[in-house]
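Down below is the structure, laid out as structure tokens.
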Amino acid sequence: MDDRLDLPPRLVIASHNAGKVVEIDDLLGPFAIEVIGATALGLAEPEETGTTFQANALLKAQAAAKASGIPALSDDSGLSVWGLGGAPGIYSARWGGPDKDFYAAMARVEAELGDKPDRSASFFCVLALAWPDGTSRTFEGRIDGHLEFPPRGSHGFGYDPIFVPEGDTRTFGEMEMAEKKAFNHRARAFAKLIGAADFH
Ligand code: IMP
């Protein structure tokens with residue numbers, strides 16, 4: 001079976017998060033793919049009703065591909081804290097509340113962990129590519145590590161200041177963006193996508 005991936009010359013990024021569009025544009029830069037943001041096309045943001053990263057990534061990419069008639073790429077990501085049974089997981093963004101207050105979300109993680117000894121955690125990223133004809137592919141990236149409190153570092157976003165990746169002593173918040181971007185969960189999912197592509 002030939003499952004090589006034929007990347008289109010133009011892709012809609014199924015996200016209204018300007019930061020994500022910039023990051024994906026940057027990752028696709030070397031591959032001569034024109035990137036269009038969902039906001040620029042006036043696409044509606046679907047409700048994330050899935051129960052897995054993969055389901056939510058697919059739902060966003062499929063909605064954007066169908067509405068625009070152009071192949072779409074989406075990203076769904078989050079932090080799974082193993083002492084909390086994988087929470088916040090797909091609810092990572094929602095734990096930040098309407099104000100996207102991730103210091104409050106990190107305090108909630110710390111409070112819910114209490115004195116549980118298991119501090120292990122993993123970041124996940126699922127990239128979904130969907131075509132207007134209904135076909136799709138997904139690619140998952142994961143990075144394992146542990147949590148440390150209080151939060152440290154001012155780089156990055158979300159839960160970066162409490163996550164220490166395996167093999168390091170610094171939190172993602174203490175790493176320069178360029179360093180983190182080279183090996184994090186999004187980079188790993190991206191490497192799988194590029195690895196599957198025809199021109200590779
Ligand atoms: P999404 O936009 O629904 O995929 O939400 C992803 C959420 O997971 C973000 O709002 C962050 O809180 C968290 N998250 C995902 N990736 C990262 C990361 O690289 N660092 C820190 N937090 C992340």
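Since the structure is predicted, the reported quantities are computational estimates derived from the model, not experimental observations. Hydrogens, waters and symmetry mates are skipped; everything else that's a heavy atom, side chains included, is used. Whatever order the structure lists them in is the order used to number ligands and atoms, beginning at 1. Numbering starts at 1 and runs along the sequence shown.
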Review point. Using a distance-only test with no angle check, is there a side-chain donor-acceptor pair under 3.5 angstrom linking S15 and N17?
Key: no
Revision key, fill the gap. E48 heavy atoms within 4.0 Å reach ligand 1 at atoms 3 (O)
Practice item. Specify the protein heavy atom at minimum distance from atom 2 (O) of ligand 1: its residue, its atom name, and the distance to 0.1 Å. Key: K20 NZ, 2.8 Å
Review point. Heavy-atom distance to atom 20 (N) of ligand 1: which of D160, I162, I90, L79 wins?
Key: D160
Exercise for review: Compute the shortest N/O to N/O distance between N184 and ligand 1 and return yes if it is under 3.5 Å, no if not.
Suggested key: no
Exercise for review: Look at K60 together with D75 and state whether they make a salt bridge at an N to O cut-off of under 4.0 Å.
Suggested key: no
Exercise for review: Would you mind checking which non-hydrogen protein atom is closest to atom 22 (N) of ligand 1, with the distance to 0.1 Å?
Suggested key: Y159 N, 3.2 Å
Check your understanding: Looking only at protein heavy atoms, which one is nearest to atom 16 (N) of ligand 1, and how far off is it?
Key -> H185 NE2, 3.1 Å
Point to revise | Cationic N near anionic O, under 4.0 Å, E112 to R108 | key: yes
**Study point:** Shortest protein heavy-atom distance from atom 6 (C) of ligand 1, along with the residue and atom involved
**Key:** S77 O, 3.0 Å
Revision key, fill the gap. In this structure, atom 3 (O) of ligand 1 is nearest to the protein heavy atom D76 OD1, 3.4 Å
**Study point:** Close approach, G156 and ligand 1, non-hydrogen under 4.0 angstrom
**Key:** no
**Study point:** Protein contact to atom 23 (C) of ligand 1 [nearest heavy atom, distance to 0.1 Å]
**Key:** F123 CE2, 3.5 Å
Review point. Nearest heavy atom to atom 10 (O) of ligand 1: which of F124, F102, F53, F157 does it belong to?
Key: F102
Review point. Charged N to carboxylate O under 4.0 angstrom, D118 versus K116?
Key: no
Check your understanding: Going by atom types alone, do W131 and S136 pair a side-chain donor with an acceptor below 3.5 Å?
Key -> no
Check your understanding: What part of K100 sits under 4.0 Å from ligand 1 if we count only heavy atoms: the side chain, the backbone, both or neither?
Key -> neither
Check your understanding: Are T39 and H16 linked by a side-chain donor-acceptor pair shorter than 3.5 Å?
Key -> yes
Review point. Is Y103 reachable from L84 through a run of hydrophobic residues whose side-chain heavy atoms are each under 4.5 Å from the next?
Key: yes
Revision key, fill the gap. If we number the atoms of ligand 1 from 1 as shown, the ones under 4.0 Å from a heavy atom of G78 are 8 (O), 15 (C)
Exercise for review: Determine the interplanar angle of the F172 and H185 rings, folded into 0 to 90°, and report it as parallel if under 30°, tilted if 30 to 60°, perpendicular if over 60°.
Suggested key: parallel
Review point. When you look at F123 and F163, which way does the ring-ring contact (aromatic ring centres under 6.0 Å, His included) test go after all the steps?
Key: CA-CA 9 Å; F123 270 120; F163 184 82; 4.7 Å; yes
